[in-house]
Chemist: 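Pasting in a structure now, in structure tokens, and then I'll have a few things to ask.
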Amino acid sequence: MKLVTCGLPYANGKLHIGHLRTYVPADVYVRFLRMMNEKVIFICGSDCHGTPIVVNAEKEGISPKELVEKYHEHFMRVFKEMEISFDFFGKTTEYYHHERTKEIVNRLIEKGYVYSKEVELAFCEKCNRFLPDRYVEGICPYCKSPARGDECDQGCGRHLEPGEILEPRCKLCGNIAIFKKRKHYFFKLTAFQDFIKYYLSNLSGTENAINYAKEWVENLKDWCITRDLDWGVRFPLDETLVLYVWVDAPIGYISFTEKFTREWEDIWLKGDAEIIHFIGLDIAYHHCIFWPAMLRAANYALPNAIVASGMVKIEGKTFSKSRGYVVWVEDEYLRAGFNPDYLRYYIVNYTSHEKDLNFSWDVFREKINNEVIATLGNFLFRIMSFSWKNFGTVKMVVDREIIERIAKSKERIVEAIRKWEFKSATDAIMELASFGNTYFQNSKPWEIIKSDKERAMKIVANALQIAKALIIFSYPVMPKSMEKIGKAIEMNLKSCSIEDATKVEKELKIMKLELPFEKIEEKDLENLKMALLDRFAEKPEISIEDFKKLDIRIGKILSVERVEKSKKLLKFIVDIGNERRQIVAGIAENHKPEELLGKLVVVLTNLKPARIMGVESKGMILAADADGKAFLLIPEKEVEVGTRVK
RNA sequence: GCCGAGGUAGCCUAGCUGGUGGGGCGACGGACUCAUAAUCCGUAGGUCGCGGGUUCAAAUCCCGCCCUCGGCACCA
């Protein structure tokens, strides 16, 4: 028996293609396993706790419960439409989940793996709540840059311990945050270092996740598992605290299994099943370190494999919701009327599971039109149509070479699926379709049928057997379309085994098949491509008064030097006419300091001064930002220093 | 900076226990008509990131360098 899970989607936003990068391959995997007659349970659910949900609910003026409910419904709807076939999709707000979580945490406590410690935490008196580190803004104590409570994100990049940050403010309301002592609880993660090392050395799955974990395991710290929040699973030793979401979220794998089947104990306590977690690489830490340590501590069964998918890019750009490089599954893909199977195929076939997947609408169109429709779809359609028109019922006498060719594909597919090589598996399908086309083309049954109907039928039988195999092999990837096509030869794919691909019926009855796929036209994509571009370019309109607030002048670079320990930063002294300014600019990556000396540049002089990596900067040197590289703006002719720019 | 993955024709990739660089898409030419201008046959296109070394022989092994992406924890 196998238990397959997917990382729980966080019930704080809609599903995008990045999510599907994990869920689609997992679903394809599960569907193949089912066809390989393996007993498999496929589990997922909404991750509903944590501060971001509370904060976002407040913003929307609804309760956290309502917010979570909204996205939970969204997830279920989209997964259904995308044919992601979870056996059970739960949510972590449910009673049974809280009970299972508390039971496990109690075990950790009983075994002495939890201890308490006084820590100082930021507290906002106006919002009347403790602030998680990333909701605190202040100054880095090391380099004096603006920083977040948990790390100096703009300056030196150092990790900050709670309480270290200077001048802390509440990110939500802007008020000064104070530090309060509070007793929190820690899990003795450090006690599991040797265990995790050993565990990782035996862990199966994709190398990307395991390699990272091997590095992380060298430097473990105990893990603070409680938060000051009303929303979440109550911590048994102190009901005023809730558990950190990353404690209860993975326990969802257990509680959802428990809710779904009585066999849950065999799986999670006795260890009778192979447990396989599909995740995004971003949560590898939790799944390779925290999670196995917790399970071990509580005496539960351990995962056998962690399968981590690579990142998603949109039109070649790094995926980013805030910058607009995102494709929303429901609003953009499904609502545009595309067949869900197209996206499923794209995701599993674009590249190998661990590598970055680039989603581009043009590539999407080309791949689908050429591979799914022209190669595979057209083969199925031409064979079915030819058989239906000329025979109706075909006596299935199939050559041994044909069966062997199909068996070869089957083996390659099964082997690839077992290694999570979905591209390789789907490539094998396309190769078989291509073989079918070649066979049919070279056999010319449309000519032969004029003189020898028997011989033509033999060719058709061979082609039909290939078609049948293709429908079976493609079903896990494109279930909706294959079901439709399969009906034309009375196949019941739901109860089909992959072994049926090489089994030969006495005869096949063929019904009329409507065009199974619709090509993607350039015009279908226009709006979607535009939407992507607009989103990226979007900036609010401003008035001339707004623009006049900017004091922009021509300056002359008097001196340049590198900022210590920084790859990007240069420190300038710039003459702006009436004074000399020290300005820091991030252009070191494609400029040599000595080449910049004496150059005239455009300077925004009334920018609020800032400290960048500990160095004061008063103003900004303007440059064109071309894909992260900075190119200085330089006046067309030599003008006087201090000249205004309008 | 440190660690990991990777750099093979415009794009996606196979090859990486060394022995004349394969495939797919796209491009170009031809054939055919059962089929959604689909399919089939053929052609062009590569300094296998760069520089050294080992070897009779290196994309493949060793050394150095460059570039890309990711990780460097409590971020859900």
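No hydrogens, no waters, no symmetry mates; every other heavy atom, side chains included, goes into these values. Numbered from 1 within each chain, the chains take letters A, B, ... in sequence-line order.
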Chemist: With rounding to the closest Å, how many angstrom separate the P atoms on B:rA27 and B:rC11?
Modeler: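 Here B:rA27 and B:rC11 have their P atoms 15 Å from each other.
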Chemist: How far, in whole Å, is B:rA38 from B:rC25 if one measures between their P atoms?
Modeler: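 Here B:rC25 and B:rA38 have their P atoms 13 Å from each other.
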Chemist: Atom NZ of A:K519 to atom C1' of B:rU36: distance rounded to whole Å?
Modeler: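 A:K519 atom NZ is separated from B:rU36 atom C1' by 6 Å.
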Chemist: Let me know, please, whether A:D222 or A:N369 comes out on the 5' side of the other along RNA chain B by nearest nucleotide.
Modeler: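 By nearest-heavy-atom nucleotide position, the 5'-most residue is A:N369.
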Chemist: Would you check if the distance from the ring center of A:Y199 to the ring center of A:F192 is below 6.0 Å?
Modeler: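 No - the distance between ring centres of A:Y199 and A:F192 does not fall below the 6.0 Å cut-off.
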Chemist: Below the 4.0 Å mark, does B:rU39 have OP1 or OP2 next to a side-chain nitrogen or oxygen of A:S434?
Modeler: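 Answer is no, no contact under 4.0 Å.
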Chemist: To the nearest angstrom, how far is A:I279 atom CD1 from B:rA73 atom P?
Modeler: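 Taking CD1 of A:I279 and P of B:rA73, I get 18 Å after rounding.
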Chemist: Specify the separation, in whole Å, of atom CD of A:E421 and atom C1' of B:rC12.
Modeler: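 In whole Å, B:rC12 C1' lies 15 Å from A:E421 CD.
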Chemist: Under 30°, 30 to 60°, or over 60°: which ring-plane class applies to A:W231 and A:H49, parallel, tilted or perpendicular?
Modeler: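 Aromatic pair A:W231/A:H49 classed perpendicular.
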Chemist: Write down the distance between CZ (A:F192) and P (B:rC74), rounded to a whole number of angstrom.
Modeler: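 Those two atoms, CZ and P, are 21 Å apart.
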Chemist: If you measure from the C1' atom in B:rC67 to the same atom in B:rG45, how many Å do you get, rounded?
Modeler: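 The same atom, C1', in both gives a distance of 24 Å.
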Chemist: When you compare B:rG19 with B:rA57, how far apart are their P atoms, in angstrom units rounded to a whole number?
Modeler: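 Between the two P atoms, the distance is 14 Å.
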Chemist: Could you tell me how far B:rC32 sits from B:rC16 if I compare only their C1' atoms? Round to whole Å.
Modeler: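 That atom pair is separated by 42 Å.
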Chemist: Relative to each other, are the rings of A:H277 and A:H287 parallel, tilted or perpendicular (30° and 60° limits)?
Modeler: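 Geometry flag for A:H287 against A:H277: perpendicular rings.
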Chemist: Starting at the 5' end of RNA chain B, which residue's closest nucleotide do you reach first, A:Y285 or A:T438?
Modeler: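 Final value for this comparison: A:T438.
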Chemist: Is there a side-chain contact between A:K423 and the phosphate of B:rG24, meaning an N or O under 4.0 Å from OP1 or OP2?
Modeler: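 No, no such contact exists.
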Chemist: Whole angstrom is fine here: how far is it from CZ in A:F359 over to C1' in B:rC12?
Modeler: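 It is 15 Å, rounded to the nearest whole Å.
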Chemist: Does A:R405 make a cation-pi contact with A:F435 (under 6.0 Å, within 45 degrees of the axis)?
Modeler: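 Flagged: A:R405 positioned over aromatic ring of A:F435.
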Chemist: Please measure how far the C1' atom in B:rA59 lies from the corresponding atom in B:rG15, and state the result in whole Å.
Modeler: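 It comes out at 8 Å once rounded to the nearest Å.
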Chemist: Atom CE of A:M430 to atom C1' of B:rC12: distance rounded to whole Å?
Modeler: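 Computing the A:M430:CE to B:rC12:C1' distance gives 14 Å.
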Chemist: Please encode protein proximity along nucleotides 25-35 of chain B as a string of B, S and -, counting only heavy-atom distances under 4.0 Å.
Modeler: SS------SBB
Chemist: Examine A:K188 relative to A:Y113 and say whether NZ or CZ is less than 6.0 Å from the centre of the six-membered ring and inside a 45° cone about the ring axis.
Modeler: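 Because its charged atom misses either the 6.0 Å distance or the 45° angle limit, A:K188 does not stack over A:Y113.
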Chemist: Surrounding NZ of A:K423 (heavy atoms of other residues, nucleotides or ligands, distance under 6.0 Å), is the total greater than 12?
Modeler: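 Counting neighbours around NZ of A:K423, more than 12 heavy atoms of other residues, nucleotides or ligands fall under 6.0 Å, so yes.
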Chemist: Write down the distance separating the P atoms in B:rG18 and B:rG24, rounded off to the nearest Å.
Modeler: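 The answer is 28 Å between these two P atoms.
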Chemist: Donor-acceptor pair, distance only, cut-off 3.5 Å: does the side chain of A:N370 make one with the backbone of A:E366?
Modeler: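 A pair under 3.5 Å: yes.
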Chemist: Work out how far the C1' atom of B:rC28 is from that of B:rA9, and round it to whole angstrom.
Modeler: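 Approximately 15 Å lies between the C1' atom of B:rC28 and that of B:rA9.
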